[in-house]
Amino acid sequence: MKIESATPADLERLLSFRKEAAAWIGRLGSDQWSRPYPADRLLATIEAGTVFMLRDGGKTAGTITLTAEAEDGLWSESELSDPSIFINKLTVAREYGGQRLGGRLLDWAGDYAYRASANWLRLDAWTTNAKLQRYYLDQGFAHIRTVHEGSAVNGGPRVSGWLAQRPTRIADHGFTDEAPAPEPLTA
């Protein structure tokens, strides 16, 4: 399997990933991702070069978005002064479930962040999804705090304020990395 940058041609696949994930998560009892994500915002992240696709031959097995930009109102000024890469929209196609691809994508993200000179790989997870939070804890993340104030990127109240982080590190994720080398973060 290989990791490469998403292109605008991936937009529909990414939107369908989100719908597929929302349906699956809904069956597990969570309302995570039940509000549609604006296609124009997703396209902007693709064009910014922050969306990465995990390919298995001609199929897309997963996706992850990595950015040096934190969502407003989540991390403190002190935390933001420490170089970090933020994870968004980690998704694995259901047909690839149970193969530990999510954990390997997180390892790749930590490696990518390390190569960008980041100290931390950070995320904000769905505030009411205890199973997802447990998953991230099991992947070596430490819970920092939960933020309830503010509004969501796609409207309504903040729903993704469970903050966690883990140190960046070189990782043997097992993927062929065809993504561009990360730009070094500046202090």
State, to 0.1 Å, how close [X] and [Y] come at their nearest heavy-atom pair, and which atoms those are.
{"X": "Gly102", "Y": "Leu90", "answer": "O-CD2, 4.2 Å"}
{"X": "Ile46", "Y": "Pro8", "answer": "CG2-N, 3.6 Å"}
{"X": "Gly110", "Y": "Thr168", "answer": "O-CB, 3.5 Å"}
{"X": "Ala109", "Y": "Ile64", "answer": "CB-CD1, 3.9 Å"}

From [X] atom [atom1] to [Y] atom [atom2], the distance as rounded to the nearest 0.5 Å:
{"X": "Leu123", "Y": "Ile85", "atom1": "CG", "atom2": "CD1", "answer": "13.0 Å"}
{"X": "Thr91", "Y": "Leu101", "atom1": "OG1", "atom2": "CG", "answer": "12.5 Å"}
{"X": "Leu66", "Y": "Thr45", "atom1": "CG", "atom2": "OG1", "answer": "11.0 Å"}
{"X": "Thr7", "Y": "Glu47", "atom1": "OG1", "atom2": "CD", "answer": "10.0 Å"}
{"X": "Thr63", "Y": "Ile3", "atom1": "OG1", "atom2": "CD1", "answer": "9.5 Å"}
{"X": "Asn119", "Y": "Asp82", "atom1": "CG", "atom2": "CG", "answer": "4.5 Å"}

### Message
Could you go through Leu14 and Lys89, starting from their C-alpha distance and side-chain angles, then the distance that decides it, and tell me whether this counts as side-chain contact (heavy atoms from CB on, under 4.5 Å)?
### Response
CA-CA 10 Å; Leu14 290 165; Lys89 299 184 259 331; over 6 Å; no

Taking only residues two or more places apart in sequence or in another chain, which ones pass side chain to side chain contact (heavy atoms under 4.5 Å, CB included) with [X]?
{"X": "Asn88", "result": "Thr65, Thr67, Asp124"}
{"X": "Ala70", "result": "Trp75, Leu80, Phe86"}
{"X": "Ser5", "result": "Phe52, Pro180"}
{"X": "Ala48", "result": "Thr50"}

State which residues pass salt bridge (charged side-chain N to carboxylate O under 4.0 Å, His left out) with Glu95; sequence neighbours excluded, sorted by chain then number.
->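 For Glu95 the salt bridge (charged side-chain N to carboxylate O under 4.0 Å, His left out) partners, ignoring immediate neighbours, are Lys59.
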
Note to self: Glu4: which residues meet the salt bridge (charged side-chain N to carboxylate O under 4.0 Å, His left out) condition with it, sequence neighbours left out?
What the structure shows: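 If we apply the salt bridge (charged side-chain N to carboxylate O under 4.0 Å, His left out) test to Glu4, skipping adjacent residues, the hits are Lys2, Arg55.
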
Tell me if the CD atom of Glu183 is crowded by more than 12 foreign heavy atoms within 6.0 Å.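 Not buried by this count: 12 neighbours or fewer within 6.0 Å.
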
CD/Glu69: more than 12 non-hydrogen atoms of other groups inside 6.0 Å: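 No - once you tally the heavy atoms of other residues, nucleotides and ligands closer than 6.0 Å, there are 12 at most.
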
Residue list, ring pair (Phe, Tyr, Trp, His ring centres under 6.0 Å) with Tyr114, at least two apart or on another chain |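 So Tyr114 forms no ring pair (Phe, Tyr, Trp, His ring centres under 6.0 Å) with any residue.
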
Are [X] and [Y] side-chain neighbours, meaning at least one heavy-atom pair lies under 4.5 Å?
{"X": "Tyr96", "Y": "Thr60", "result": "no"}
{"X": "Asp111", "Y": "Phe175", "result": "no"}
{"X": "Arg169", "Y": "Asp107", "result": "yes"}

side-chain hydrogen bond (donor to acceptor under 3.5 Å, both in side chains) involving [X] - partner list, sequence neighbours excluded:
{"X": "Ser84", "value": "Arg122"}
{"X": "Arg104", "value": "none"}
{"X": "Asp177", "value": "Trp108, Arg115"}

**Report entry** For Trp120, the rest of its hydrophobic cluster, which grows through side-chain links under 4.5 angstrom
**Finding:**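 Under the 4.5 Å side-chain rule, Trp120 groups with nothing.
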
Could you walk me through whether Arg166 and Leu106 satisfy the side-chain contact (heavy atoms from CB on, under 4.5 Å) test, starting with their C-alpha distance in whole Å, then the side-chain angles of each, then the deciding distance to 0.1 Å, before giving a yes or no? CA-CA 10 Å; Arg166 77 179 193 193; Leu106 291 170; 4.0 Å; yes

- Would you say Tyr136's side chain and Leu163's backbone share a donor-acceptor pair under 3.5 angstrom?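 No, the answer is negative, given that no donor and acceptor are paired below the 3.5 Å cut-off.
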
Subject >> Main-chain N/O of Leu185 paired to Ser117 side chain as donor or acceptor, under 3.5 Å >> reply: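 Looks like no, no N/O pair under 3.5 Å.
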
Would you tabulate the side-chain donor-acceptor contacts of residues 137-147 under 3.5 Å, counting partners in other chains and residues two or more places apart, or write 'none'?
residue : atom : partner : partner atom : Å
Asp138  : OD1  : Arg134  : NH1          : 3.0
His143  : NE2  : Arg145  : O            : 3.2
His143  : NE2  : Thr146  : OG1          : 3.0
His143  : NE2  : Trp162  : NE1          : 3.2
Arg145  : NH1  : Glu79   : OE2          : 2.9
Arg145  : NH2  : Leu74   : O            : 3.1
Arg145  : NH2  : Glu79   : OE1          : 2.6

